[in-house]
Amino acid sequence: MATVVESLTQLLQSAADTVGLEAIIPQVNATKSPDLGDYQSNCCFRLAKAAGTSPRELAAKLAAALPTGPVLAKVEVAGPGFLNLFLSNAYLGQALQAQFADPKLHVPQTQGTVVIDYSSPNVAKRMHVGHLRSTVIGLALHKLYDFCGWTVVADNHIGDWGTQFGKLIVSWDAWVDLAAFEQDPIGELQRIYVKFSQEATDAQQDLAREETAKLQAGDARNLGLWKRFIDASMVEFESIYSRLGVSFDVTYGESHYNDMLQPLVEGLLAQGVAEVSEGAVIIPFDKSDGKGLKDQPFLVRKKDGAALYGTTDLATVRFRLDTWAPKRVLYVTDTRQQLHFKQLFAATNKLGWNQAELVHVWFGLLSLPEGNMSSRSGNVIHLKALLDAAVDKAREIVDLKSAELPDDERALVAEAVGVSAVRYADLSQNPQANVVFDWDKMMAMEGNTAPFLMYGHARLRSIQRKEDLQHVVTGHGPVNDAERELTTLLLRFPSVVPAALEANRPSILAEYLFTVARSVNRFYSQSRIKGSVGEERAMRASLVAAASMTLSTGLGLLGIPALERM
RNA sequence: GCGCGGUUAGCUCAGCUGGAUAGAGCGCUGGCCUCCGAAGCCAGAGGUCACAGGUUCGAAUCCUGUACCGCGUACCA
């Protein structure tokens with residue numbers, strides 16, 4: 001069965017043919033108020049001039065040619081030429097049944113591989129709230145693409161190579177407290193790293209460069225220490241990832257590309273794409289390479305011969321193309337790297353590496369009220385501390401509201417609710433705006449929050465249990481306003497998910513789910529299942545089933561568990 | 001200088017492939033649990049959509065300019 005929009009578009013098209021309009025693509029949109037119908041079309045404004053009439057007259061002709069019947073209950077011409085389309089309740093019921101007979105809820109499926117590069121923290125540092133956005137947005141995209149049929153390769157491109165290791169090695173030799181390292185590896189690494197950046201002498205700085213070079217040349221001792229730092233870091237990262245439900249397919253860090261870098265640069269020089277400038281190797285651009293790229297060359301080798309992250313990223317593109325032949329590659333990082341990726345993409349164009357669509361999914365900066373976050377100055381909030389605080393707060397609420405649940409379940413609920421609240425706080429806002437960290441906002445549990453959405457779902461499931469309802473959608477159409485509103489909203493799911501995916505903005509889905517949850521609350525305050533019988537009961541039970549499936553599926557795509565009880 | 005963002009209700013923000021009276025949350029005021037979960041629902045107060053032009057039947061949305069804020073802008077990532 002076609003989706004609602006497809007059906008309406010088709011009806012309009014055939015009406016247009018009847019009237020004698022040619023080659024139009026009539027658009028229909030959801031209305032914002034039920035008095036204006038369920039859908040409306042503005043096509044008459046655009047077409048009137050060519051047809052030699054006024055929009056209103058044309059709308060009247062189209063309305064007359066639109067057959068009311070099984071789909072359309074009523075067509076009205078309104079205002080200066082709007083065409084308001086009212087769907088029949090019976091059709092809405094059938095459309096809902098068809099949508100929920102499909103495990104993918106009519107979300108269009110796409111073939112192809114997408115590589116998603118997200119989270120990507122630096123080794124030897126504790127994850128802080130600044131890492132939240134990439135991780136949480138990246139995970140949601142991971143799930144969205146997966147749901148839409150893509151083959152997803154999630155790659156955690158960790159910062160496990162480069163100059164910070166020389167510094168760490170020098171710091172280790174000078175200051176490490178092994179007992180402290182045993183206790184809290186990352187804490188100790190971070191302590192000595194901060195100490196280095198605050199206190200290192202010039203001699204130590206030089207030594208650090210030497211140690212970095214030795215590491216990259218394969219020095220056994222340095223490699224051993226390096227491995228130790230990474231292992232400790234991965235334990236730390238995993239503890240956060242398991243709470244956030246994140247898992248990667250591969251974790252090729254920057255180190256993985258080390259051997260490819262010098263041959264790559266030599267190749268670029270040989271091809272004439274790169275050139276030597278001021279002792280360094282650059283890929284120069286002019287304005288034909290992209291807006292703002294003039295005089296912004298891409299650096300691929302420092303004058304001391306070392307590679308830098310541009311080099312690594314270029315090698316990474318090549319490796320990903322060769323390994324997975326992706327159709328699309330997403331880089332989920334903050335706004336500060338926009339120029340870098342613009343340069344990287346322009347460089348791949350010059351090289352003819354056009355097999356994949358490379359997309360920088362960027363998000364705004366998270367700062368603290370005291371200013372920008374900085375690991376060095378200690379002006380950070382650790383992710384674990386934030387999650388723990390949110391879980392503690394959730395626990396208080398669960399204890400208060402759901403004392404009847406067993407203790408261990410309350411603990412699980414608190415963990416799910418607290419972590420989800422934090423996750424949703426970040427997911428639900430415009431990713432491209434900068435935000436100032438706010439404890440109360442991150443841990444809010446009322447209003448437009450994850451707990452609100454989870455509550456909506458849990459309550460639907462509770463109704464199903466208490467009323468012993470089947471978890472299926474029959475074809476009975478809605479009757480009252482709340483039922484119609486919920487139905488038409490649920491029918492929009494198949495267009496919302498691809499929209500969120502194509503914009504690479506999970507917040508589009510989050511916002512939709514919020515409106516669904518509100519509609520659900522209104523619905524069961526107006527339409528009681530208990531005590532209802534016959535067709536009315538079947539219809540309401542269907543809405544409960546359809547809404548709970550939509551919420552659990554949608555929440556799942558955001559990485560939020562849809563609990564049965566909370 | 002150039003590039004990329006931001007500016008909408010007291011506060012935090014949606015809405016930006018142009019559409020009919022600009023929406024939420026928090027806070028504030030007032031209702032709703034003998035009734036399937038009140039982490040909820042209903043009602044109310046609250047807005048020159050930064051400013052100025054332009055395009056259009058129609059602009060918070062598109063274009064141009066201005067102001068203020070943030071970020072980036074060759075050897076860190």
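Numbered from 1 within each chain, the chains take letters A, B, ... in sequence-line order. Just so it is clear, the values below take in all heavy atoms, side chains as well, and ignore hydrogens, waters and symmetry mates. The structure presented is a predicted model; accordingly, all values stated were derived computationally and were not measured.
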L293(A) near the nucleic acid: base, sugar-phosphate alone, or nothing, with a heavy-atom cut-off under 4.0 Å? nothing
Relative to the ring of F165(A), is the ring of F229(A) parallel (under 30°), tilted (30 to 60°) or perpendicular (over 60°)? parallel
Using the six-membered ring wherever Trp is involved, compare the ring planes of W439(A) and F437(A) and label them parallel, tilted or perpendicular (cut-offs 30° and 60°). perpendicular
Taking any heavy-atom pair under 4.0 Å as a contact, classify L339(A): base, sugar-phosphate, or nothing. sugar-phosphate
Please work out if S525(A) contacts a base, only the sugar-phosphate, or nothing of the nucleic acid, heavy-atom cut-off 4.0 Å. sugar-phosphate
Derivation of the side chain to side chain donor-acceptor pair (under 3.5 Å) call for T335(A) and Q338(A): CA-CA 6 Å; T335(A) 174; Q338(A) 280 194 85; 3.0 Å; yes
Any idea how Y257(A) and Y252(A) line up, ring-wise: parallel (<30°), tilted (30 to 60°), or perpendicular (>60°)? perpendicular
Expressed in whole Å, how much space separates the C1' atoms belonging to G19(B) and U55(B)? 16 Å
Using atom P of each nucleotide, how far apart are G6(B) and U61(B) to the nearest Å? 13 Å
So, does the side chain of N84(A) form a donor-acceptor pair with the base of A20(B) at under 3.5 Å? yes
Would you please indicate yes or no on a ring centroid separation below 6.0 angstrom for H256(A) and F319(A)? yes
Tell me what S402(A) touches on the nucleic acid: a base, only sugar-phosphate, or nothing, going by heavy atoms under 4.0 Å. base
Each nucleotide in nucleotides 12-19 of chain B should get exactly one letter: B, S or -. Can you fill that in based on protein heavy atoms under 4.0 Å? SSSS---B
How many whole angstroms separate atom CD of Q432(A) from atom C1' of U7(B)? 16 Å
Over all atoms of both residues, closest heavy-atom pair of N156(A) and P121(A): OD1-CD, 3.5 Å
From C71(B), C36(B), A39(B), pick the nucleotide closest to the side chain of L365(A)? C71(B)
For A78(A), report the nucleic acid contact type (base, sugar-phosphate, nothing); a contact means any heavy atom under 4.0 Å. base
Quick check: any donor-acceptor pair below 3.5 Å linking the side-chain of Y455(A) to the base of A39(B)? no
If you draw the axis of the six-membered ring of F196(A), does the NZ or CZ of K167(A) fall within 45° of it and under 6.0 Å from the ring centre? no
Expressed in whole Å, how much space separates the C1' atoms belonging to U64(B) and A59(B)? 15 Å
Could you work out the separation of A14(B) and A9(B) based on their P atoms and round it to a whole Å? 12 Å
Atom CE of M445(A) and atom C1' of A39(B): how far apart are they, to the nearest Å? 10 Å
C1' atom, C62(B) versus G46(B): distance in rounded Å? 30 Å
Give me the stems containing RNA chain B, sorted by first residue, counting only three or more consecutive Watson-Crick or G-U pairs with both distances under 3.5 Å; say none if there aren't any. B:1-7 with B:67-73, B:10-13 with B:23-26, B:28-32 with B:40-44, B:50-54 with B:62-66
What does A444(A) touch in the nucleic acid at a heavy-atom separation under 4.0 angstrom: a base, only the sugar-phosphate, or nothing? nothing
Classified by glycosidic angle (syn within 90° of 0, else anti), C69(B) comes out anti
With a 4.0 Å cut-off on heavy atoms, is V398(A) in touch with a base, just the backbone sugar-phosphate, or nothing at all? base
How would you label the contact of K291(A) with the nucleic acid (heavy atoms, under 4.0 Å): base, sugar-phosphate, or nothing? sugar-phosphate
Determine the contact category for S527(A): base if any of its heavy atoms lies under 4.0 Å from a base atom, sugar-phosphate if only primed atoms, P, OP1 or OP2 are that close, otherwise nothing. base
Does M566(A) reach a base, just sugar-phosphate, or nothing at all? Heavy atoms under 4.0 Å. base
Taking C49(B) as the reference, what is the distance to G23(B) when you measure between their C1' atoms (whole Å, please)? 12 Å
Looking at the rings of F82(A) and F45(A), which for Trp means the six-membered one, are their centres under 6.0 Å apart? yes
Show your reasoning for whether salt bridge (charged side-chain N to carboxylate O under 4.0 Å, His left out) applies to K61(A) and E57(A). CA-CA 6 Å; K61(A) 278 168 80 177; E57(A) 271 176 53; over 6 Å; no
Please determine whether a side-chain nitrogen or oxygen atom of R522(A) lies at a distance below 4.0 Å from atom OP1 or OP2 of C42(B). yes
Does R459(A) qualify as a cation-pi partner of Y524(A), given the criterion of NZ or CZ under 6.0 Å from the six-membered ring centre and within 45 degrees of its axis? yes
Please work out if L308(A) contacts a base, only the sugar-phosphate, or nothing of the nucleic acid, heavy-atom cut-off 4.0 Å. sugar-phosphate
Side chain to side chain donor-acceptor pair (under 3.5 Å) with R540(A): of H476(A), E467(A), E483(A), only one passes, and it is E483(A)
To the nearest Å, give me how far apart CG (N372(A)) and P (C76(B)) are. 21 Å
Rounded interatomic separation in angstrom, taking CZ from F363(A) and P from G70(B): 20 Å
Would you kindly give the NZ-to-P distance between K294(A) and A74(B), to the nearest whole Å? 15 Å
Whole-Å distance between A74(B) P and F298(A) CZ? 14 Å
Looking at every strand, decide which applies to Y309(A) at a 4.0 Å heavy-atom threshold: base, sugar-phosphate, or nothing. base
Taking the side chain of Q338(A) as its heavy atoms from C-beta onward, which of C4(B), C41(B), A38(B) lies nearest to it? C4(B)
Assert: residue with more 5' nearest nucleotide on RNA chain B, out of T163(A) and V417(A), is V417(A)
d(CG, D117(A); P, A77(B)) in whole Å: 15 Å
Please report the distance, rounded to the nearest Å, between OH in Y524(A) and C1' in C33(B). 13 Å
A60(B) to U8(B) separation - P atoms, rounded to the nearest Å: 15 Å
By the 4.0 Å heavy-atom rule, please label E278(A) as base, sugar-phosphate, or nothing. base
C36(B) and G25(B), which share atom name C1', separated by this distance in whole Å: 27 Å
Heavy atoms only, 4.0 Å cut-off, all strands: where does R528(A) land among base, sugar-phosphate and nothing? base
Given A39(B), G25(B), A74(B), identify the nucleotide with an atom nearest to the side chain of V413(A). A39(B)
Give a yes or no on whether a donor-acceptor pair under 3.5 Å exists between the nucleobase atoms of A74(B), that is its base, and the side chain of S277(A). yes
Check step by step if side chain to side chain contact (heavy atoms under 4.5 Å, CB included) holds for V332(A) and H360(A). CA-CA 6 Å; V332(A) 187; H360(A) 183 209; over 6 Å; no
Y39(A) and N84(A): CA distance, side-chain angles, deciding distance, side chain to side chain donor-acceptor pair (under 3.5 Å) verdict: CA-CA 6 Å; Y39(A) 285 81; N84(A) 291 342; over 6 Å; no
